[in-house]
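Working notes, structure below.
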Amino acid sequence: MSAALDTETHLRSAVRTDAPPAILLDKVNKWYGAMHVLRDVSLQVATGERVVVCGPSGSGKSTMIRCINRLEQHQEGRIVVDGTELSDDVRALDAIRREVGMVFQSFNLFPHLTILENCTLAPIWVRRMPKREAEELAMHYLTRVKIPDQARKYPGQLSGGQQQRVAIARALCMKPKIMLFDEPTSALDPEMIKEVLDTMVGLAEDGMTMICVTHEMGFARQVADRVVFMDRGEVVEQGAPESLFNDPKTERLRTFLSQILRGH
Amino acid sequence: MSQTSTDPRHFRAPPKRQLRLSWADERVRAIVWQVVIVGIVAGVIWWLVRNTQHNLEVRRIATGFGFLQREAGLPIGEHLIEYTPASTYFRALSVGVLNTLKVALIGIVLATILGTLVGIARLSKNWLLAKIAAVYVEVIRDIPLLLQLLFWYTMLQGLPAPRQAMNPVTGVFLSNRGLRLPFLDWQVAHSWALLAFVAGLFGTWLTARALRRKQMADGKPRPLWPAALGLIIGLPLVVWLAGGAPTAVDWPALRGFNFQGGFTISPEYFALLIGLTTYTAGFIAEIVRAGILSVSQGQWEAAQALGLRPGVVLRQVVLPQALRVIVPPMTSQYLNLTKNSSLAVAIGYQDIVSIANTTLNQTGQAIEGIAIIMAVYLTISLSISFSMNWYNNRIALVER
Amino acid sequence: MSDISLGTSVAGIPEAAPRQPPALTTGPVAWVRANLFSSWLNTALTLVLAYFIVRYAIGFVDWAFVNAIWSVPNNQTQACRALKASATPGACWAVVTEKHRFILFGTYPYEEHWRPALVCVLFTALYIVSGMRRFWRKELALVWIATLVVIGILMWGGILGLSYVPQERWGGLPITLILATFGLAFAFPLSILVALGRRSSMPAVRVLCVAYVELIRGVPLISLLFMASVMFPLFLPEGINIDKLLRAQVAITLFAGAYLAEVVRGGLQALPKGQYEAADALGLSYWYKTGFIILPQALRLVIPPLVNTFIGFFKDTSLVLIIGIFDLLTAGKTAVVEPAWQGFGVEVYLAISVIYFCYCFAMSRYSQNLEAELNRHRGR
């Protein structure tokens, strides 16, 4: 499927069809009170696959990816991450969270710790890494997101774009197999969006399995193996970015796309 | 840009503004205003001082602190240091200061514990618990402390006389003369054991730091509890055994109309401590709640998403941030509790205010008496706020 | 980027009908489960708490209502004493029934009690009117002055056919309200001046204001009240004597002034710098700038904390008990001094607590609502 959509600008796909799926959602349902926010959502993400999720606000896309590392609990259906099913088992949950990195819309850096300490906190306390080693690792990833010189500063002293790149580095320091992005650029000024997207493209080039909730259509075209369109809690349409954007099958996606384009 | 340049043309001192002696000049106005205001204040103070001097002469009251060396002749029920009515006023006032500190320090510790529990309870997912905590906070904060103190004191006085004392546990008696507890017949070995216990606490703290450093070096976490157990419980135990393991206990017993022996908590102290603790805890609960709420949900989520266990999240992420919000208002609550302990005078607990008040009534040295009260509280207030400011600066957030 | 709201977006296309959530996740049963019995620990906690509530509530209702005695003839309190010692103790509300006039109005002449009663009503009405936003105008100051004058006439009398009542005979709730209200009326202007002084560019003024605020806040109110009762007479020229109530009023005003000044200063600091600069740019003089631009905004910001400070200060007036002024609490304490009524302090203190609670709770609720409302307006 991915071979067909390779265009000049699109990244080479790193999907490994031989391996078991990295993430599997099977008929997941969730309610907030009486509100039905996820309706029979089924989704399979292969190792190395890059999935972009889009849809109007309130369509359940953030809720879905927050269910994947159990920041939200689903009430029906199965979620299997890296071969482990999500349940009330705390040890399984710890194992999953170790393998899944997450980047939030509002960065959520720890304001009382320096950039370096933000990055070394989890490796030290979760991976039991010596401090020196953790710092070397952190500096490695901070260099990758191009802000090694800010390591001794505090989050409050950095710009939004820099903070989001630190958040990415912080997640990478756990060497996750899967990265979740929850609207990573929505809280940023336009001039800072590019630096964050570039970082994410760099990650994609390295073959990271990614699920990314975003409205950045350019990013989706360049990076995604597959785009999933959600509306009102259900997956309405999915497919390769070119075919989905150029030839939407449903009225709902068509309306959404026209509004996105008008918005730009 | 030109900061590193040595070219003299880049440096120019700002022009000196000439002071024009005119009402239009802002600085002239400022100086005149200040002179006028300071003049008025100084004048009022001078007038008051002159009146006071005159009045003192007329009433033949000698000023000065000479009276401190005279015999006080006032009985004090509770004293932490040696005291008899034959002691000097200075000694009596020192007893008062210690009594104030005794109730304030213990009150601060208890109020912090109770307030923190209630504040956390208000955020509980259990609706019943949260409601009970909310009602407690609302009721306790809307009734004057003095009224609460009188209430508690009256309740304690309403207890049966020593002969019919309540005896909930063997050796513990609760009567209108206070709470009597059995207490160790104090020996030197006990003092040493206590010292060993304190040393054990300190040693545990040092060990925790050393273990933390080792973990930072090789990443392996090491349990603290074996060392803590040995130092905090084992060490005092060994010292106590080495000292001959004295086990004699002083049991309170009824003799005549009151109890003898054991350890007493007087009804005055008890009422004051209950009142101050429960009242201040109501305010501390709100501070703790606000502090916890100030750490956004996103911080919890980010930490959990990194795979950190709840205990680590609390210690490394949430508490350090919440404390920044909690410490400043907590400081003023500690100060309030200390100042409120002066209400002791209304229920007859002999704190510094009560003793200074008796002193000034006996000697007529009103100015000195009130000056002593104010000096004591100012010293306490300033030292608490000074140390809290120091702590606060140490943990302040760096912002852009 | 551009967030699209659900209402205007993709519609008119068939979609899966929303299903009801699995049984027992909504409705009252679900609420009880989620809030009271969500886990073993939670269930145990709920049961333990419920047990204690029921047990103590039954005990309290028995004591306060079922077994209570509501009145006794001619100070004959034997029945009360017998009840207190019995196996089923009850409250002796007779002490409140008997003494309520004394607790509320002290030694004010009995047949003139309608006057202090009317004063209490006037004070309460004044608070309520001041709390309503539609009355926040300059005329409110006139209403205050007029009401306080009427209150003075009612209490003292001597004109308009009212008999003269000397101040020594005043007591009870009116004293509490007078101390709090007059204290606020004088302390508030003082606090504004001090707060402005603390932010002044003139160092001498700043030092004076800081010294005043820190000195007062560093010592307990009691020491100021002692000062007012023992040292004040020494301060004044010979022959001039100020009434004890007035001296306490001065001490309370000075005390409240320092605390209110810190609240006002908070408001001045919270005001964006742009407001100061805009006022400067208009070329206004200091007093114009402060009076017409800075203060109205700064004070509006701090109304909720001002109300909270006032609550604290309303409660603190009870401290005058220690220097023997006859406020509500002192009246209550005195009511049970009489041998016949000794030992029934708990009932009296509970009754007084209810009065204080009503005033303070109303004010604190008001301040919370106001804060929420102001935040809403600012959010927009």
Side-chain angles (χ1 to χ4, degrees), chain B residues 30-31 33-35 37-38 41 47-49 51-52 54-56 58-59 61 124-130 132 138-139 141-148 150-151 153-155 157-158 335 338-343 345-346 353 356-357 360-361 366-367 369-370 373-374 377-378 380-382 385, chain C residues 31-32 34-36 38 41-42 45-46 49-50 53 84 197 201-205 208 214-215 217-224 226-227 230-231 233-238 311 314-319 321-322 329 332-333 336 343 345-346 348-350 352-353 356-361 363-364:
Chain B
I31 291 170
W33 273 117
Q34 292 182 69
V35 168
I37 292 173
V38 172
V41 172
W47 181 71
L48 293 176
V49 169
N51 284 337
T52 311
H54 179 73
N55 283 324
L56 290 175
V58 171
R59 294 173 202 199
I61 301 173
S124 164
K125 284 199 187 96
N126 188 308
W127 180 85
L128 200 56
L129 183 63
I132 291 174
E138 198 64 71
V139 169
R141 299 200 320 166
D142 283 342
I143 295 171
L145 173 60
L146 184 58
L147 178 48
Q148 296 187 30
L150 291 174
F151 176 83
Y153 189 53
T154 312
M155 288 282 270
Q157 281 187 322
L335 287 176
T338 310
K339 287 187 278 175
N340 283 336
S341 72
S342 62
L343 298 185
V345 67
V353 172
N357 191 32
L360 75 87
N361 283 334
I367 298 177
I370 289 167
I373 297 178
M374 290 191 163
Y377 279 101
L378 275 179
I380 297 174
S381 297
L382 289 179
S385 58
Chain C
W31 183 90
V32 167
N35 291 296
L36 295 174
S38 60
L41 194 69
N42 229 336
L45 188 63
T46 304
L49 287 174
I53 288 177
K84 219 172 150 189
S201 55
M202 297 185 254
V205 174
L208 281 177
E214 296 305 323
L215 194 74
R217 279 162 35 106
V219 299
L221 174 56
I222 287 210
S223 64
L224 292 177
F226 276 147
M227 201 161 137
V230 249
M231 264 167 83
L234 293 176
F235 283 162
L236 298 173
E238 237 187 317
I311 296 174
F314 184 84
K315 290 184 291 175
D316 281 343
T317 58
S318 62
L319 265 63
L321 173 136
I322 291 163
L329 186 55
K333 200 177 172 220
V336 287
V346 170
V348 171
Y349 291 141
L350 280 178
I352 298 177
S353 300
Y356 274 109
F357 180 80
C358 288
Y359 275 98
C360 294
F361 183 70
M363 285 190 279
S364 101

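Within every chain, numbering begins at 1; the chains are lettered A, B, ... in the order of the sequence lines, protein sequences first and strands thereafter.
Both the backbone and the side chain of C/Ile352 come within less than 4.5 Å of a heavy atom of chain B. Neither the backbone nor the side chain of B/Leu382 comes within less than 4.5 Å of any heavy atom in chain C. Heavy atoms closer than 4.5 Å to chain C are found in the side chain of B/Ile370, but not in its backbone. Looking at B/Asn357, the atoms closer than 4.5 Å to chain C (heavy atoms on both sides) all sit in the side chain, from C-beta outward. Residue C/Ile53 touches chain B through its side chain alone, counting heavy-atom pairs closer than 4.5 Å. Interface remark: C/Leu329 contributes side-chain atoms only to the contact with chain B (heavy atom separation under 4.5 Å). Of the atoms belonging to B/Thr52, heavy atoms from both backbone and side chain fall under 4.5 Å from chain C. B/Leu343 touches chain C through backbone and side chain together, each having a heavy atom under 4.5 Å away.
Between chain B and the residues C/Val336, C/Val348, C/Leu319, the largest count of heavy-atom pairs under 4.5 Å involves C/Leu319. When each of B/Leu129, B/Val49, B/Val38 is checked for heavy-atom pairs under 4.5 Å with chain C, B/Leu129 comes out on top. Residue with the most contacts toward chain C among B/Ile143, B/Val35, B/Leu56: B/Ile143 (heavy-atom pairs, distance under 4.5 Å). With chain C as partner, the option from B/Ile37, B/Val58, B/Ile373 having the largest number of non-hydrogen pairs under 4.5 angstrom is B/Val58. Contact count against chain B (heavy-atom pairs under 4.5 Å) is highest for C/Pro203 among C/Gly332, C/Pro203, C/Gly197. With chain C as the partner, the residue from B/Val41, B/Leu147, B/Leu146 showing the most heavy-atom pairs under 4.5 Å is B/Leu147. The candidate with the highest count of non-hydrogen atom pairs below 4.5 Å against chain C, out of B/His54, B/Glu138, B/Gln157, B/Gln148, is B/Glu138.
Taking CG of B/Leu48 as the reference point, atom CZ of C/Phe235 lies at 6.0 Å (rounded to 0.5 Å). Between the CZ atom in C/Arg217 and the CG atom in B/Leu378 there is a gap of 12.0 Å [rounded to 0.5 Å].
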For side chain to side chain contact (heavy atoms under 4.5 Å, CB included), just list the numbers for C/Phe357 and B/Val139, CA-CA rounded to whole Å, side-chain angles, deciding distance to a tenth of an Å, and then say yes or no. CA-CA 7 Å; C/Phe357 180 80; B/Val139 169; 4.1 Å; yes
Test side chain to side chain contact (heavy atoms under 4.5 Å, CB included) on B/Val353 and C/Phe226; report intermediate values, then the result. CA-CA 10 Å; B/Val353 172; C/Phe226 276 147; 3.4 Å; yes
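Shown here for C/Ala50 and B/Leu128, the closest heavy-atom pair between the two residues is N-CD2, 3.9 Å. Annotation for B/Asn126 and C/Thr46: closest pair ND2-OG1, 2.8 Å, computed over non-hydrogen atoms. Residues B/Met374 and C/Ser223 come closest through the heavy atom pair CE-OG, 4.0 Å. Contact detail for C/Pro220 and B/Lys339: the closest heavy-atom pair is CB-O, 3.6 Å. When every heavy atom of C/Gly218 is checked against every heavy atom of B/Ser381, the shortest pair comes out as O-OG, 2.9 Å.
Of the candidates C/Val219, C/Ile222, C/Ile322, C/Leu221, C/Ile222 is the only one forming a side chain to side chain contact (heavy atoms under 4.5 Å, CB included) with B/Ser342. Just one of C/Ser364, C/Cys358, C/Ser353 meets the side chain to side chain contact (heavy atoms under 4.5 Å, CB included) condition when paired with B/Asp142; it is C/Ser364.
When the shell of 6.0 Å around CH2 of B/Trp47 is examined, it contains more than 12 heavy atoms from other residues, nucleotides or ligands.
For the pair C/Lys315/B/Leu145, no side-chain contact is recorded, criterion being any heavy-atom separation below 4.5 Å from C-beta on. Two residues are said to be in side-chain contact when any heavy atoms from C-beta on lie closer than 4.5 Å; B/Ile367 and C/Val230 fail this criterion.
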